Protein chains: 2
Amino acid sequence: MLTVTSVNVNGLRAAAKKGYLEWLSGCAADVVCLQEVRAEEAQLTEEVRRPAGWHASYAPASAKGRAGVAVLTRRAPEAVRVGFGVPEFESSGRYLEVDLPGTTVASLYLPSGEVGTERQDEKERFMETFLPYLVELRAKAAVDGREALVCGDWNIAHQEADLKNWRANRTKSGFLPEERAWLTRVLGEEGGYVDVVRALHPDQDGPYSWWSYRGRAFDNDTGWRIDYQMATPGLAGRCVKAQVERAASHAERWSDHAPVTVVFD
Amino acid sequence: MLTVTSVNVNGLRAAAKKGYLEWLSGCAADVVCLQEVRAEEAQLTEEVRRPAGWHASYAPASAKGRAGVAVLTRRAPEAVRVGFGVPEFESSGRYLEVDLPGTTVASLYLPSGEVGTERQDEKERFMETFLPYLVELRAKAAVDGREALVCGDWNIAHQEADLKNWRANRTKSGFLPEERAWLTRVLGEEGGYVDVVRALHPDQDGPYSWWSYRGRAFDNDTGWRIDYQMATPGLAGRCVKAQVERAASHAERWSDHAPVTVVFD
DNA sequence: CTTTCTACG
DNA sequence: CGTAGAAAG
């Protein structure tokens with residue numbers, strides 16, 4: 001049994017003030033992948049940096065207060081690797097992987113963009129260089145007899161069922177045809193990964209994992225499913241439960257994203 | 001009878017969220033001088049911009065979110081003038097005067113500085129050019145048979161009794177010998193103004209009007225008296241009450257400065 | 001709408 | 001320590 005949770009915390013320091021630690025103490029996962037930590041380890045309190053009972057691995061961004069991913073594990077990982085080998089993104093705080101017995105788990109924070117901006121170009125460069133790495137990761141895992149799981153905020157909704165207003169968002173970053181096509185490659189023959197939440201819930205809208213803080217997006221469930229756990233087929237086949245932990249109320253929200261939790265048998 | 005209150009609000013929008021309007025509604029003054037408004041009129045809610053029963057005159061800084069002075073009057077002023085005629089400071093949001101029957105009341109926010117920085121040079125340039133204006137203001141007032149009152153944050157403690165730790169602050173901006181000497185000129189033959197709070201309370205330490213937000217400065221009354229009402233002698237002679245409205249508790253503080261209130265008979 | 005940084009105080 | 005703007009999301 002392996003339970004993995006992934007959540008974009010939108011600033012770990014802010015999340016900690018609003019209930020993240022309480023959520024973590026009730027969290028039964030073996031591995032927690034965090035995105036948008038937005039802090040260096042030295043800026044975190046000891047309790048937040050290394051919660052009791054957890055090992056913590058961090059990949060901060062070189063730009064202060066930006067991005068940053070981490071992985072918490074109940075047991076010390078066999079290995080920790082930062083980045084995926086592309087110089088532009090090595091210190092961008094967007095990719096970290098840890099080896100656990102038989103499985104490599106990664107925390108990914110794919111850049112967000114805005115059409116017509118340099119940020120979107122960066123997002124596209126990331127996608128372009130990251131897909132070959134995903135392919136390589138799967139190949140390496142196969143050779144070693146391991147499985148791989150890439151969790152995180154991919155900042156792309158794949159299909160119309162993955163966001164509330166797909167029509168209005170066809171020209172918006174996060175649901176552009178080329179971005180959706182890229183995810184199709186990740187999930188198709190080329191990448192060979194399985195979106196385990198969708199695999200277990202093929203016929204529903206959502207479940208969304210992100211709601212804008214603007215307006216009443218959360219109350220109206222005007223969300224996007226942009227946080228995924230992408231597993232190699234062997235691991236995906238062991239998935240017995242996959243869900244998004246939508247907070248019951250706005251009051252207990254400590255991030256604009258919700259945790260995505262998956263149980264593998 | 002004329003009651004005038006002056007207070008550095010340290011951001012009028014923030015102050016309004018913390019109790020400024022409640023304080024104002026219990027304020028019996030005829031004139032309220034504000035410093036560090038840190039907003040343009042358009043950024044203020046109607047209630048804050050022009051509280052019921054008040055006329056409001058503003059002199060914002062051209063730099064957004066910086067400085068800014070204002071004067072609230074129960075009756076419409078006869079005239080409103082922004083600046084004191086020195087180009088460098090005309091749009092710096094540091095000086096505004098209004099004519100009321102028989103009296104000109106000004107709201108002043110003298111620059112703060114730090115020794116060895118360009119900010120300190122600016123403070124000194126302000127002092128150098130403002131003193132001649134004070135002299136001119138008094139002369140004009142005398143010719144017109146008027147009185148003048150210059151209220152505000154002068155960012156200088158005059159004497160040892162005007163701050164808690166004078167020894168430790170002798171080399172700090174706000175208590176430098178040259179700054180203290182300048183205030184002595186304002187209050188001496190050259191300027192001819194009267195510090196009305198000190199005139200009525202000659203033998204006490206303080207009363208302080210500013211306490212840093214750092215540490216426990218307010219609780220320990222580790223403050224500075226840097227907010228003054230400087231009056232022409234004729235007006236000062238009519239002063240029957242002069243006090244600093246130190247908040248009873250940290251909880252009811254809505255600024256790091258306290259209002260200075262003076263009653264003229 | 002929110003977080004974080006920065007400048008200023 | 002706190003305010004406000006900016007950049008980012």
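Atoms considered below: every heavy atom in the structure, side chains included; atoms not considered: hydrogens, waters and symmetry mates. Note that the structure is predicted; figures quoted are calculated from it, not measured. Convention: sequence-line order gives letters A, B, ...; per-chain numbering from 1.
Applying the side chain to side chain contact (heavy atoms under 4.5 Å, CB included) criterion to B:Arg13, with sequence neighbours excluded, gives B:Ala39, B:Gln43, B:Leu44. Listed by chain and number, the residues in a side chain to side chain contact (heavy atoms under 4.5 Å, CB included) with A:Thr45 are A:Glu47, A:Val48 (sequence neighbours excluded). Looking at residues two or more places apart in sequence or on another chain, you find a salt bridge (charged side-chain N to carboxylate O under 4.0 Å, His left out) between B:Glu41 and B:Arg50. For B:Phe126, the ring-ring contact (aromatic ring centres under 6.0 Å, His included) test picks out B:Phe84, B:Phe89, B:Phe130, with sequence neighbours left out. The side-chain hydrogen bond (donor to acceptor under 3.5 Å, both in side chains) search around A:Arg185 returns A:Glu190, not counting sequence neighbours.
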Show me the donor-acceptor pairs within less than 3.5 Å that the side chains of residues 157-164 of chain B make with the rest of the protein, sequence neighbours left out.
unit_1	atom_1	unit_2	atom_2	d
B:His158	NE2	B:Thr184	OG1	2.7
B:Gln159	OE1	B:Arg180	NH2	3.4
B:Asp162	OD1	B:Arg198	NH2	2.6
B:Asp162	OD1	B:Arg225	NE	2.9
B:Asp162	OD1	B:Arg225	NH2	3.3
B:Asp162	OD2	B:His158	N	3.4
B:Asp162	OD2	B:Gln159	N	2.7
B:Lys164	NZ	B:Asn220	O	3.0
B:Lys164	NZ	B:Asp221	O	3.0

Hey, can you pull the donor-acceptor pairs under 3.5 Å for the side chains in residues 15-27 of chain A, sequence neighbours left out?
unit_1	atom_1	unit_2	atom_2	d
A:Trp23	NE1	A:Glu245	OE1	2.9
A:Ser25	OG	A:Glu22	O	2.9

List the protein contact pattern of nucleotides 2-9 of chain C with one symbol per nucleotide (5' to 3'): B for base contact, S for sugar-phosphate-only contact, - for none; contact means a heavy-atom distance under 4.0 Å. SBSSS-SB
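Bounding nucleotides for the chain A contact on DNA chain D, 5' to 3', at a heavy-atom distance below 4.0 Å, are D:dA8 to D:dG9.
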